[in-house]
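Here's the structure we're looking at; comments come further down.
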Amino acid sequence: MISQRGTCSLPFCFEQGIAALGGLDCLVNNAGIAGPTGRVEEIDPAEWDRCIAIDLTGQFNCVRLAVPHLRKSQNPSIMNLSSLAGRLGFALRTPYASAKWGVIGLTKSLSIELGDDGIRVNALLPGVVAGERQKKVLTAKAEAKGISFEEMEALALSFTSLKEYVTPQQLADLVVFVASPLGRTISGQALSVCGDTNMLG
């Protein structure tokens, strides 16, 4: 994982990471924040800017650094993390949803632009993923709606045909498949792993 922390600049971290790995075959753009929860008129513009900067601009910054290295690979690909919020929208989570819609536009545009280089570009759209991050999101949504966490959790899963959480391992399995030679003709796609979620509550 390459991250921008402390005194390490993003270009320096990329160079260090790629030197250690001996090259780059796949970039997984997985950095992001949940952003603020609330009605649009309540959202601080600074929080909007921060969410867009991290969830969308951060992916652009990583892609522009990765592409020169990916061109040297025999099996190059990029997987950008979007969300079902980037396909369905998400009330009370406007900054996050807007950034994730932007990620899909970024993905489709890059798949066309980088196709001649043989670089495949896709977006992963997770549904309701089990873990502490999802618990925090549902807690904030429950508070905004004035209901209990249990009621919010039941509501979130009620919009999912399989009525269960997605696991991080299931997301990783799809990324590995698409990044492998088996996924050599998959590009420009928004790939959902969501148990058939039809709405985000």
Side-chain angles (χ1 to χ4, degrees), residues 1-5 9-11 13-15 17-18 24-36 40 43 45-73 75-91 93-129 133 137 166 168 170-180 183-194 197 200:
M1 182 173 95
I2 301 171
S3 62
Q4 187 171 2
R5 296 198 173 188
S9 70
L10 189 59
C13 289
F14 252 87
E15 295 300 329
I18 290 168
L24 182 65
D25 295 314
C26 178
L27 170 69
V28 179
N29 254 328
N30 190 31
I33 60 171
V40 65
I43 293 172
E47 291 190 23
W48 166 279
D49 289 344
R50 181 170 184 264
C51 187
I52 299 297
I54 294 173
D55 291 2
L56 179 56
T57 307
Q59 294 203 16
F60 160 77
N61 286 331
C62 287
V63 166
R64 61 186 296 274
L65 291 171
V67 164
H69 300 281
L70 289 170
R71 287 194 176 107
K72 302 172 186 177
S73 171
N75 181 41
S77 67
I78 298 169
M79 182 67 80
N80 296 321
L81 265 288
S82 181
S83 165
L84 279 184
R87 178 166 63 84
L88 301 176
F90 203 179
R93 300 288 306 289
T94 304
Y96 178 79
S98 299
K100 294 304 183 178
W101 277 76
V103 168
I104 293 175
L106 175 70
T107 297
K108 187 63 178 178
S109 298
L110 288 172
S111 71
I112 299 167
E113 179 178 334
L114 300 176
D116 287 344
D117 295 310
I119 301 173
R120 310 186 307 277
V121 189
N122 294 286
L124 175 59
L125 283 61
V128 184
V129 182
R133 184 176 183 275
V137 168
V166 172
Q170 290 165 339
L171 302 178
D173 289 344
L174 180 67
V175 171
V176 170
F177 174 80
V178 175
S180 78
R184 65 188 176 275
T185 56
I186 302 173
S187 191
Q189 303 304 304
L191 304 168
S192 296
V193 178
C194 64
T197 299
L200 293 173

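Position 1 is the first residue of the sequence, and the numbers go up from there.
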Less than 3.5 Å apart, which donor and acceptor atoms pair up between the side chains of residues 50-60 and the rest of the protein, not counting sequence neighbours?
| unit_1 | atom_1 | unit_2 | atom_2 | d |
| --- | --- | --- | --- | --- |
| D55 | OD1 | I33 | N | 2.7 |
| Q59 | NE2 | L81 | O | 3.0 |

Closest approach of [X] to [Y] (non-hydrogen atoms, all atoms of both residues):
X: P76; Y: G118; answer: CG-O, 3.4 Å
X: A34; Y: Y96; answer: O-CB, 3.4 Å
X: L88; Y: T197; answer: CD1-O, 3.8 Å
X: C194; Y: V166; answer: CA-CG2, 3.7 Å
X: W101; Y: R87; answer: CZ2-O, 3.4 Å
X: P68; Y: R64; answer: CD-O, 3.5 Å

Value rounded to 0.5 Å, distance of [atom1] in [X] from [atom2] in [Y]:
X: L70; Y: L114; atom1: CG; atom2: CG; answer: 8.5 Å
X: F14; Y: H69; atom1: CZ; atom2: NE2; answer: 7.5 Å
X: I104; Y: L125; atom1: CD1; atom2: CG; answer: 4.5 Å
X: L110; Y: R120; atom1: CG; atom2: CZ; answer: 14.5 Å
X: D25; Y: S180; atom1: CG; atom2: OG; answer: 11.5 Å

- Query: Side chains of N29 and N80: do they bring a donor and an acceptor to under 3.5 Å?
  - Reply: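 A donor-acceptor contact under 3.5 Å links the two side chains.
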What residues form a side chain to side chain donor-acceptor pair (under 3.5 Å) with [X], not counting sequence neighbours?
X: S109; value: none
X: R93; value: none
X: D49; value: none
X: R71; value: D117

Non-hydrogen side-chain atoms of [X] and [Y] separated by less than 4.5 Å:
X: L24; Y: S73; result: no
X: W48; Y: T94; result: yes
X: I43; Y: P95; result: yes

- Option among T107, I78, I119 that satisfies the side-chain contact (heavy atoms from CB on, under 4.5 Å) test with V63: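 For V63, the side-chain contact (heavy atoms from CB on, under 4.5 Å) test succeeds with only one of T107, I78, I119, which is I78.
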Under 3.5 Å, which donor-acceptor pairs do the side chains of residues 184-193 form with other protein atoms, sequence neighbours left out?
| unit_1 | atom_1 | unit_2 | atom_2 | d |
| --- | --- | --- | --- | --- |
| R184 | NH1 | P181 | O | 3.1 |
| S187 | OG | V121 | N | 3.0 |
| Q189 | NE2 | S187 | O | 3.0 |

